[in-house]
Trainee: 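My structure is below; once you've seen it, I'll send some questions.
Protein chains get the first letters and strands the later ones, always in sequence-line order, with residue 1 at the start of each. Note that the structure is a prediction, hence the values are computed from the model and not measured. Atoms considered below: every heavy atom in the structure, side chains included; atoms not considered: hydrogens, waters and symmetry mates.
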Amino acid sequence: MRAAPVMGSRSKVVPRSADGLVESLPAVRPYDKETGFCRSRDARQKRASGTRYAMSTPLPRDEKLKVIRHSASHVMAEAVLRLFPEAKFAIGPSIENGFYYDFELPRPLVADDLGKIEAIMKEILKGKHDFVRKELSREEAKKLFADQPYKLELIEDLPEGETISTYEQDGYLDLCRGPHVVNTAAIHPDAIKLMSIAGAYWRGDEKRQMLTRIYGTAWDSPQALKDYLKLQEELEKRDHRKLGRELDLFHLDDENPGEVFWHPRGWSIYLRIQNYVRQKIKAGGYVEVNTPFVMPKSLWERSGHWAKYQENMFITESEKRQFALKPMNCPGHVEIFKQGIKSYRDLPLRIAEFGSCTRNEASGALHGIMRVRGFVQDDAHIFCTEEQIGSEVVRFCALLKDIYRDFGFGDDRISVKLSTRPEKRIGDDATWDRAEAGLAEACKAGGFEYEISPGEGAFYGPKLEFTLVDALGRGWQCGTMQIDYQLPSAERLNATYVGEDGEKHHPVMLHRAILGSLERFIGILIEQFSGAFPVWLAPEQIAVIPIAPNFHEYASKVADRLDAAGFLAVADLSDGRMNAKIREAQSRKVPYMLVVGQKEQDEDAVSVRLRDGRQMNGMKFADFASYVKEKVDSKSLEL
RNA sequence: GCCAAGAUAGCUCAGUUGGCAGAGCAGCUCACUCGUAAUGAGCAGGUCUUCGGUUCGAUUCCGAAUCUUGGCUCCA
């Protein structure tokens, strides 16, 4: 979900656009006709040359914003230079919603500094300075940036023959390809805001210098900035950590980082999602198993995890033997596959598990319930022949679509990436060719268009990654489908089946998940629905509210009958007044509130207040029950 | 793990230029026969994250640890 950075553009720049404010953009960016991907480079991508980025047709405004943002980063650099004349400059690209610039500074920044820098920026912007482009030779550039080690490194790494250019505004000179606005007047001083300070490794490499990164946001009008800040507020309101506490779904304990304590309401959602998936995969031809949380070092050595994944595993010991908490379920499933003799007639064998995994994630990577150390995957491994890969992938795509749709994510909310062979890999190229081509073809046959992430595959095979796009346009990677020839091989866990020819063969293993982890998926749902879950998932579907203590008895009778009919209904018999009870139920985001008094009691009816404020008064009890049943059964997103 | 910023009542936050710690909401008690987003009154609630240091005195200043947040790296 990242915009292609402007820094990556290699294009020549033409001086002036029609409105005179933004340089015209190159008509054609380097473009690969065969794949339809634009080529651009990005420092974050480890300088892999020829890295390709998918490009959706850019709106002119998007391009304009990129130019504004990139120019704002130069203005910020100028402001920082005024404050810290000895600052060293790294890179300052435009990013989604804004820009950043990385600096090496003589001291850490404090919150006050951001305000100061922003004030200087505004002053610079008001000065109406031109951005002046100059092209120069490599030698000239090196001389010019002699005291800027990061710039020098960038110059060194520019390919032979590359045009080297600088941009200068108000006396601040920076190495840059452009394009930029022609004058700082193109950036409204009230349409920019500095957001935060963060550390970032030079060139994204954790072994290199840690720089100070300042993030800012920039827009083409003060109103656009306001809208953006408002959206940020909206995001805060939806934050699953906040809602998780407010709705009493779960808690996280500071003493036990990265592990979720599910409260009754949260667990109720969890179980319904799990049982839903359980029923779907059963219908999809999977068998469900369960494998141990703790498994011996010897197994992890054979599987390769001990060598490749050890630092992410919690290791424990008993009677001088070492064990590890499982970070993945695959070896366990291979162990099950290996019990007894398998025939080609048993394939494909689809082994599923709600696998409880524990990974020792870096403390800084933890985030609410989205990124934790203990989580459960809706995992499965499909053991099949090479010929069966295609049909299995197609089948998987159908199941995934079906499940995502029930959670409100239609086809237009799913994006797919095909990750191809990485540099460090095992297996021969012919196998990789077959695996990649097969996966690509099956993905299309499964009804998905995909983008390619070159070199992002697992070391043992290519993979498909399925990303959900939520109500606010954010992407969450959930589903995955990976082809693995290695783990079942003789060198690893040595799984075999007897083929038609009577010989032993190694099956191919497909690692796949749809929700990814239940914890993360529920976090996504909380944010997607702002905690207002669809009826079929709501932890409390119906709150029965008597208008006065006289009607407590009728209220509990209504709740009991609804409960017996399989709904999650609670009668609020507390001391409070009706209005307060409605308010409380509303803040618990209960879909249906039943207000009951004399009228309802006389007619065996309920007056329904929906979460969205609508009312359906004087509904017969039986009518209401069937109304809700329909919503639950159809997994309706509507009330 | 790395960089930076934080940690005060169950929650959201105020506060002390170093001198007995504050509010709103939630909780508890009592009263209230009430029709679609807060009835009123009262009570209780904190070793100011932890451990060291400076000081007559530290919640406040300094150091360290733990955790959280925002990034980086990684990733379900």
Side-chain angles (χ1 to χ4, degrees), chain A residues 44 46 95 100 102 104-105 107-111 113-114 195-215 236 239 241-242 245-246 248 251-258 309 311-312 327-329 355 357 359-379 465-466 476-480 511 513-521 523-524 543 545-552 575-588 593-600 607-611 613-618:
Chain A
R44 294 188 70 255
K46 303 182 184 83
I95 52 172
Y100 67 81
D102 288 345
E104 188 185 320
L105 298 174
R107 64 163 174 87
L109 291 180
V110 296
D113 294 322
L114 277 194
M195 304 298 283
S196 60
I197 308 164
Y201 300 108
W202 169 234
R203 296 196 152 173
D205 182 345
E206 62 183 318
K207 293 190 181 62
R208 305 199 62 178
Q209 177 78 31
M210 173 68 76
L211 303 169
T212 302
R213 175 172 296 179
I214 303 178
Y215 281 94
E236 246 172 72
D239 192 312
R241 294 166 296 186
K242 182 179 150 77
R245 185 173 50 235
E246 285 174 2
D248 197 16
H251 84 267
L252 296 156
D253 181 1
D254 280 357
E255 209 178 313
N256 193 12
Y309 207 74
E311 62 177 33
N312 278 298
M328 298 178 193
N329 309 301
C357 298
R359 297 183 187 173
N360 193 9
E361 298 292 345
S363 57
L366 303 176
H367 176 83
I369 61 171
M370 302 275 210
R371 191 75 192 276
V372 288
R373 289 189 174 143
F375 58 95
V376 173
Q377 293 178 316
D378 64 322
D379 203 4
E465 292 192 324
F466 298 85
W476 302 99
Q477 202 242 297
C478 294
T480 184
H511 305 245
I514 292 178
L515 306 185
S517 100
L518 280 277
E519 285 73 11
R520 167 185 279 186
F521 191 75
I524 294 166
I545 298 171
I547 65 162
N550 273 355
F551 307 101
H552 278 192
D575 269 356
R577 299 187 170 234
M578 178 199 66
N579 276 332
K581 291 179 183 184
I582 289 173
R583 188 185 142 86
E584 279 156 22
Q586 195 78 49
S587 54
R588 276 178 275 139
M593 286 152 270
L594 305 185
V595 177
V596 296
Q598 192 64 53
K599 272 183 279 178
E600 289 76 13
S607 281
V608 187
R609 179 194 163 92
L610 293 88
R611 181 168 61 192
R614 280 148 57 214
Q615 290 184 28
M616 303 188 297
N617 290 336

Trainee: Out of B/A37, B/G1, B/C67, which nucleotide sits closest to the side chain of A/Asp254?
Mentor: B/C67
Trainee: Identify whether the distance between the nearest side-chain nitrogen and carboxylate oxygen of A/Arg371 and A/Glu361 falls below 4.0 Å.
Mentor: yes
Trainee: Where each residue is assigned the nucleotide of RNA chain B containing its nearest heavy atom, which of A/Gly613 and A/Gly368 is assigned the position nearer the 5′ end?
Mentor: A/Gly613
Trainee: It should be established whether A/Ser363 places a side-chain nitrogen or oxygen under 4.0 Å from OP1 or OP2 of nucleotide B/G1.
Mentor: yes
Trainee: Considering only B/A38, B/A76, B/C67, which nucleotide approaches the side chain of A/Asn579 most closely?
Mentor: B/A38
Trainee: Looking for any heavy atom pair under 4.0 Å, which part of the strands does A/Glu361 touch: base, sugar-phosphate only, or nothing?
Mentor: base
Trainee: Indicate whether the side chain of A/Gln615 and that of A/Ser607 have a donor and an acceptor atom separated by less than 3.5 Å.
Mentor: no
Trainee: Within the 4.0 Å heavy-atom criterion, would you say A/Arg208 contacts the bases, only the backbone, or no part of the nucleic acid?
Mentor: nothing
Trainee: Can you tell me if the side-chain N/O atoms of A/Arg241 get under 4.0 Å from OP1 or OP2 in B/U69?
Mentor: yes
Trainee: Taking atom types as modelled, is there a side-chain donor on A/Asn360 or A/Glu311 under 3.5 Å from an acceptor on the other?
Mentor: no
Trainee: Looking for any heavy atom pair under 4.0 Å, which part of the strands does A/Val372 touch: base, sugar-phosphate only, or nothing?
Mentor: base
Trainee: Over all strands shown, is A/Gln377 touching base, sugar-phosphate only, or nothing at heavy-atom distances under 4.0 angstrom?
Mentor: sugar-phosphate
Trainee: Report the nucleotide, chosen from B/A37, B/C32, B/G71, that has the shortest atom-to-atom distance to any side-chain atom of A/Asp575.
Mentor: B/C32
Trainee: Once Watson-Crick and G-U wobble pairs under 3.5 Å are found, how is RNA chain B written in dot-bracket notation, 5' to 3', with | for any base paired to another strand?
Mentor: (((((((..((((.....[..)))).(((((.......))))).....(((((..]....))))))))))))....
Trainee: Would you tell me whether A/Tyr215 and A/Arg213 have side-chain atoms, one donor and one acceptor, within less than 3.5 Å of each other?
Mentor: yes
Trainee: Does the distance from a Lys or Arg side-chain N to an Asp or Glu carboxylate O, for A/Arg241 and A/Asp239, drop under 4.0 Å?
Mentor: yes
Trainee: Taking side-chain contact (heavy atoms from CB on, under 4.5 Å) as the definition, give me every residue that meets it alongside A/Pro549, ordered by chain and number, with sequence neighbours left out.
Mentor: A/His552
Trainee: Report which part of the nucleic acid A/Phe521 touches: base, sugar-phosphate, or nothing (heavy-atom distance under 4.0 Å, all strands).
Mentor: nothing
Trainee: Any protein N or O atoms within reach of nucleotides 42-44 of chain B? Criterion: under 3.5 Å, listing atom names and distances.
Mentor:
none

Trainee: Counting side-chain heavy atoms from CB outward, which of B/U68, B/A37, B/G35 is closest to A/Pro257?
Mentor: B/U68
Trainee: Look at the side-chain N and O atoms of A/His367 and state whether any lies under 4.0 Å from the OP1 or OP2 oxygen of B/C75.
Mentor: no
Trainee: Go through B/U39, B/A37, B/C2 for me and flag the one nearest to the A/Met210 side chain.
Mentor: B/C2
